[in-house]
Each structure stands twice: as structure tokens, then as C-alpha cells.
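For this chain, numbers begin at 1 and follow the sequence in order. What you see is a predicted model; the values in this text were computed from it and never measured.
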Amino acid sequence: RFGDVDIPLLELVGLGKHGAGHIALPDGSMGVLSDEWRARLAPLMTAAAMAAEGTRFRRSQAGILDALLATRPEVRADKVFERARAELEGFSQIEPSDPPAGFWGTLREYQRAGLGWLHFLRRFGLGGCLADDMGLGKTVQVLALLESRRAEKAGVSLVVVPKSLVFNWREE
């Protein structure tokens with residue numbers, strides 16, 4: 001708010017993203033975007049991508065965006081963000097997951113927990129890394145995830161592993 005003039009938050013974010021320290025107001029005067037304001041909203045400005053229809057964010061940014069905008073009820077969001085926001089609000093914990101029916105193998109309880117974590121990451125559009133100790137079954141967890149994706153006809157999957165693991169993947 002600059003005097004009696006309200007400027008939409010995302011318009012200010014867009015200006016801040018481009019390094020502008022001020023905004024032209026309708027009466028011809030200039031509104032200054034303070035360093036304190038820009039520092040407070042730096043995460044939004046860093047994450048935002050400008051698009052013709054407004055400021056856009058990736059699905060993986062929904063959590064931080066929701067937290068930053070929680071005190072700004074006047075901000076409008078599209079249906080995709082509102083769905084992601086509702087999922088976050090309804091989320092309580094990561095549940096262990098059983099492998100799909102077409103999976104050949106058995107998962108131990110901690111592997112079921114790992115598969116649940118992988119499903120959680122996928123559901124919320126987040127990236128992750130399986131990095132526990134060697135020999136604890138990371139390959140079988142990923143194979144269960146890939147079989148889930150195949151059964152859902154979720155499209156192509158790309159697995160990036162060191163060349164030294166190719167033999168193990170073929171065996172499993």
C-alpha cells in the first residue's frame with residue numbers, strides 16, 4: 001500500500017524480481033520498495049517465474065509459497081496451487097506403502113517406509129535422493145516405484161545411477 005493506492009503483491013514481486021526499487025503510481029509519483037520489504041519477500045522473488053498470465057511457481061514450491069502467502073488472503077491463485085495447498089493442509093505423515101500387484105519381490109518394513117517416502121515425493125512434485133547404507137535395498141524400492149508408475153501408465157521414467165550399479169539393476 002502506497003498512501004491510498006493498493007498495488008497487488010505479485011506485481012510488486014515481479015518488479016522486485018527484475019531489481020526495481022520503485023514503482024510508478026497512478027498519480028505520477030513513485031513508490032519505493034524498501035530494502036526491508038524486498039528482503040522479507042526475497043524467497044518469493046527468487047522462486048517466481050514471470051508469465052503472461054501472472055507470476056508462476058513450480059509445484060515443488062507450493063509449501064514455501066503457502067507459508068509466505070498465509071498472511072496474504074487477498075492473493076489469488078490458480079486451481080493447481082489451490083489443490084496443492086489443500087493437499088498440504090490435509091497431509092499428516094508419510095505412510096509405508098505396499099508394492100503394486102505386478103511387482104516380483106518382497107519389501108521389508110523399512111523398505112515399505114522408503115517406498116512410501118518416494119510416493120510422497122512424487123505426489124508433491126519434490127525431488128529426493130536415496131542414500132542409506134549399501135545393501136539395504138534402495139534398488140528394490142526404486143523398482144517398486146517404477147512398477148507403480150508402469151501400472152499407472154504414468155509415462156517414461158529415467159533412472160540415473162553410476163555405471164557400477166548397472167549389473168545389480170539387471171540382476172534385480
Side-chain angles (χ1 to χ4, degrees), residues 8-11 13-14 17-18 41-172:
L9 175 64
L10 292 180
E11 184 177 335
V13 167
K17 184 168 181 63
H18 295 305
L41 291 178
L44 270 179
M45 290 187 284
T46 301
M50 304 312 291
E53 68 276 5
T55 307
R56 306 296 297 174
F57 297 88
R58 290 186 301 276
R59 181 172 170 80
S60 62
Q61 297 168 318
I64 190 165
L65 185 60
D66 184 45
L68 289 168
L69 298 179
T71 61
R72 310 301 299 209
E74 72 277 8
V75 173
R76 291 185 332 262
D78 64 14
K79 291 178 183 176
V80 173
F81 177 71
E82 290 303 333
R83 264 194 317 271
R85 187 180 240 177
E87 283 184 42
L88 284 170
E89 287 175 5
F91 176 76
S92 62
Q93 68 182 27
I94 296 172
E95 297 288 339
S97 180
D98 290 321
F103 180 73
W104 296 349
T106 305
L107 296 182
R108 297 181 180 105
E109 192 57 33
Y110 67 89
Q111 292 167 327
R112 288 183 61 247
L115 181 59
W117 181 73
L118 291 169
H119 283 302
F120 161 79
L121 292 175
R122 183 170 165 226
R123 175 178 166 201
F124 285 97
L126 302 172
C129 177
L130 286 175
D132 59 13
D133 291 335
M134 289 181 64
L136 292 181
K138 294 179 291 294
T139 298
V140 73
Q141 292 173 60
V142 173
L143 290 173
L145 177 69
L146 292 172
E147 178 59 22
S148 297
R149 288 182 48 77
R150 190 188 66 74
E152 296 166 9
K153 296 181 177 25
V156 176
S157 298
L158 172 67
V159 178
V160 179
V161 297
K163 189 175 180 180
S164 61
L165 292 180
V166 172
F167 176 78
N168 188 45
W169 274 71
R170 283 186 179 154
E171 288 296 309
E172 291 196 38

Q: So which atom in Ser148 and which in His119 form the shortest heavy-atom distance, rounded to 0.1 Å?
A: OG-CE1, 3.6 Å
Q: Might you point out which heavy atoms bring Arg122 and Ala154 nearest each other, and give the distance in Å?
A: NH2-CB, 3.4 Å
Q: List the atom of Phe91, the atom of Arg123, and the distance in Å for their closest heavy-atom pair.
A: CD1-NH1, 4.4 Å
Q: Distance-only criterion, 3.5 Å: show the donor-acceptor pairs between side-chain atoms of residues 137-145 and protein atoms not counting sequence neighbours.
A:
residue	atom	partner	partner atom	Å
Lys138	NZ	Asp132	O	3.4
Lys138	NZ	Asp132	OD1	3.3
Lys138	NZ	Asp133	O	3.3
Thr139	OG1	Asn168	ND2	3.4
Gln141	NE2	Gly137	O	3.1

Q: Just wondering, more than 12 heavy atoms not from Arg108 lying within 6.0 Å of its CZ?
A: no
Q: Distance check, rounded to the nearest 0.5 Å: Glu109 atom CD versus Gln111 atom CD?
A: 10.0 Å
Q: Within this structure, what is the CZ-CD distance for the pair Arg150 and Glu152, rounded to the nearest 0.5 Å?
A: 11.0 Å
Q: Should the pair Lys79-Glu82 be classified as a salt bridge under the 4.0 Å nitrogen-to-oxygen rule?
A: no
Q: Name every donor-acceptor pair, under 3.5 Å, that has one atom in a side chain of residues 94-101 and the other anywhere in the protein, sequence neighbours excluded.
A:
residue	atom	partner	partner atom	Å
Glu95	OE2	Gln93	NE2	2.7
Asp98	OD1	Arg112	NE	2.7
Asp98	OD1	Arg112	NH2	3.2

